Every structure is written in C-alpha cells, then in structure tokens.
Amino acid sequence: MAYYSMKRFAFILFLFLGMCKLFAEEFNPSACSDLKAKIFQINNDWAVFYASADHYTHRGMGFESSALQYKLFKNRYYTELHLEMSSGKNSRLRFMMPMLTNQKNAGYMFSLHTEGRWLWSEKKIFPLQVEKAEKGILVFESYSDSDCKKVLRTLKINLSDSSAVFDRMPDKKLKVSWYINKLVCGGLPKGADTFYIDCGTTSSGFFRDIDGGITVLKYPIGSKWGIFPVYEKFYLKGLE
C-alpha cells in the first residue's frame, strides 16, 4: 500500500511541476527597463554575446533560461535572444554565450523573442538594441559557501584579446579558445584547462539553463568514487 501511495504522490508532484512549467509567465520587456545587450567580435569566426539586467519588476518572477536562436528570413539568419520566466527564480540576469559567426549568410539583426506558455503558444518579437563593444572583461567567481558570499577563486576573461587570468596561476596570461559548450584556457595543465558551459541545441539554435539568472562555468576538480565528475562552479558576476 505504501508503494502505491508513493507512486501516486510522485505522479501528482510530476503533474504539478509540469503545470507550473506550462503556465510559466512570458517575459515582459517593459518590466525590465535596464536590460542591456552587447556583442564582442573576437575574431573572424567567433563573437561573444552578453546580456544583463539588475531587476525584473514583476513580483515573484525571475529568469529561468536564456537562449540564442537563429531564424531564417529572406535567405539570411538573424539572431534572437529568447528569455523564459518562472516563479521563484532570481530576477537578475547575467547571460553570456559564444556565437559562431562565420556562416556565409549570417546577419546581425537582433530581436527579443518571448513565447507564452499557456494552453496555446503566442509568440512576440521585440526589437533589441545591441551595442557593439571592443573592450570588456568577463568576471567569473566561485564561492566557498552556499550563499555565494565568500569568494573562493576568480576567472577574468579579457574579450579584447581572448586572454584570461585565473587564480590558480595568477601571474600567467592564458590564451582562451572559444567553443559553443566550453572555453579552453591554454597555459593551464592539460586536462585542467577547460571550463564547461551547460548548453543544448534545438533546430534553430543553442539554449542554456541559467542558475538564478546567471551563466555558470563548470570547472572539473576531481571525481566521486572515481566515476562521477566533481565541478567547481564559476558564476558570471558581470562585465568590467
């Protein structure tokens, strides 16, 4: 009897979580007036897209996931920022994603794309002002406490020359190689030079879950029982 009760409870919980996802609120640009977006052209092949917001004014709603998606229009691909909201999430946004830009028909027209998640799908597209920037330093921090107050280590990535400084080797300038799902810092010991980005794909582009509205890099520091990898998480603090 207890077994069937647990199965029933698990089913109800699964249904409840599914309904919460289904009825998640669409992003409202007017409730996030300080949303900013920048793009840094790294080289002929890569650019880095950065979006930030300090506060989303709808009470109890926050950022759950972000995505860069590519839409084909008149034989050219244009880039859309897709923001998804959910209750109980953090209202601060710090989103970073490398972009492969060497496609023959790629364009630089950005828009903000939202999609309602009710019983029907209502898509809305808003123009998005994106600043082209040449200089900027992405700052990532790991923490020694669950409240993210005690900084453990810092990774700084200079976007003007794709170099990095890492607390593990503070006196050495590292060369950053960009990939969709990872960053490789040349100069660190082999096998300990990669920072992974949680990233998935759809038919139209790449998406990323964000932790409390923040992009996270996962740095492998060992394994559990010799099987499961253990990561140190570096949270995107901002742009200097």
Side-chain angles (χ1 to χ4, degrees), residues 20-21 23-42 46-71 78-99 101 107-117 122-143 147-149 151 154-160 183 197-199 205-217 233-240:
C20 288
K21 183 71 174 180
F23 290 97
E25 181 176 317
E26 69 176 64
F27 177 74
N28 181 0
S30 65
C32 193
S33 58
D34 65 342
L35 176 65
K36 297 178 182 179
K38 296 183 178 183
I39 187 168
F40 300 83
Q41 189 67 47
I42 302 300
W46 290 95
V48 172
F49 180 88
Y50 175 82
S52 65
D54 286 326
H55 189 58
Y56 184 70
T57 58
H58 281 200
R59 187 174 182 178
M61 299 299 298
F63 297 97
E64 181 173 45
S65 64
S66 296
L68 285 183
Q69 295 180 319
Y70 303 98
K71 298 294 183 181
Y78 295 102
T79 307
E80 293 179 346
L81 173 63
H82 188 165
L83 297 175
E84 189 173 307
M85 313 302 293
S86 188
S87 60
K89 301 293 182 178
N90 196 301
S91 63
R92 173 175 292 181
L93 177 69
R94 295 287 183 271
F95 174 69
M96 179 278 293
M97 179 174 274
M99 293 175 51
T101 59
Y108 274 100
M109 182 185 294
F110 286 87
S111 62
L112 178 61
H113 173 250
T114 69
E115 183 171 350
R117 292 186 171 273
E122 181 184 0
K123 295 183 179 180
K124 295 182 180 180
I125 297 178
F126 304 88
L128 178 65
Q129 297 297 321
V130 178
E131 175 188 348
K132 289 186 178 180
E134 295 182 358
K135 296 182 180 180
I137 298 175
L138 293 172
V139 180
F140 292 85
E141 291 181 344
S142 67
Y143 303 94
D147 294 328
C148 296
K149 293 180 179 179
V151 177
T154 302
L155 172 71
K156 292 189 175 184
I157 302 175
N158 192 327
L159 296 172
S160 62
L183 309 176
I197 308 170
D198 282 333
C199 188
F206 296 91
F207 69 87
R208 173 172 306 136
D209 290 330
I210 44 182
D211 188 343
I214 311 299
T215 291
V216 178
L217 301 180
K233 291 185 176 182
F234 285 79
Y235 296 80
L236 179 56
K237 180 183 178 182
L239 190 69
E240 289 184 350

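Fair warning: this is a prediction, and the values are worked out from it, not measured in the lab.
With sequence neighbours excluded, the residues forming a side-chain contact (heavy atoms from CB on, under 4.5 Å) with D54 are D34, R92, R94, listed by chain and number.
Here CG of L159 is found 4.5 Å from CG of L138. Values are rounded to the nearest 0.5 Å. Distance CE/M96 to CG/L239: 11.0 Å, rounded to 0.5 Å. Separating the NZ atom in K233 from the OG atom in S142 is a distance of 12.0 Å, to the nearest 0.5 Å. In this structure, OG in S52 is found 7.5 Å from NZ in K38, a value given to the nearest 0.5 Å. Annotation: the span from L217 atom CG to L183 atom CG amounts to 5.5 Å, rounded to 0.5 Å.
In this structure, N90 and I214 have side chains that are not in contact, with every pair of non-hydrogen atoms separated by 4.5 Å or more. Taking the side chain as every heavy atom from C-beta outward, W46 and M99 never approach each other to under 4.5 Å. Counting heavy atoms from C-beta outward, K156 and E240 have side chains that approach closer than 4.5 Å. Side-chain contact between L83 and L93: present, with at least one pair of heavy atoms (C-beta onward) separated by less than 4.5 Å. Considering only heavy atoms from C-beta on, F140 stays 4.5 Å or farther from Y235 through its side chain. Looking only at side-chain heavy atoms (C-beta outward), L35 and Y56 stay at 4.5 Å or farther from each other. The shortest distance between side-chain heavy atoms of V130 and L81 does not fall below 4.5 Å. Side-chain contact between F95 and F63: absent, with no pair of heavy atoms (C-beta onward) separated by less than 4.5 Å.
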For a side chain to side chain contact (heavy atoms under 4.5 Å, CB included) check, start with the C-alpha distance between E134 and Q41, then their side-chain angles and the critical distance, and finish with the verdict. CA-CA 7 Å; E134 295 182 358; Q41 189 67 47; over 6 Å; no

As a quick check of understanding, evaluate side chain to side chain contact (heavy atoms under 4.5 Å, CB included) for L236 and Y50, giving each step before the final call. CA-CA 10 Å; L236 179 56; Y50 175 82; 3.8 Å; yes

Could you give me the CA-CA distance, side-chain angles and deciding distance for F234 and E141, then say whether side chain to side chain contact (heavy atoms under 4.5 Å, CB included) is met? CA-CA 5 Å; F234 285 79; E141 291 181 344; 5.8 Å; no

Show the numbers, then the answer: is there a side chain to side chain contact (heavy atoms under 4.5 Å, CB included) between I157 and V139? CA-CA 7 Å; I157 302 175; V139 180; over 6 Å; no

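Contact record, H55 with S91: ND1-OG, 3.4 Å, taken as the closest heavy-atom pair. Across all their heavy atoms, H58 and A31 have their closest contact at CD2-CB, 3.4 Å.
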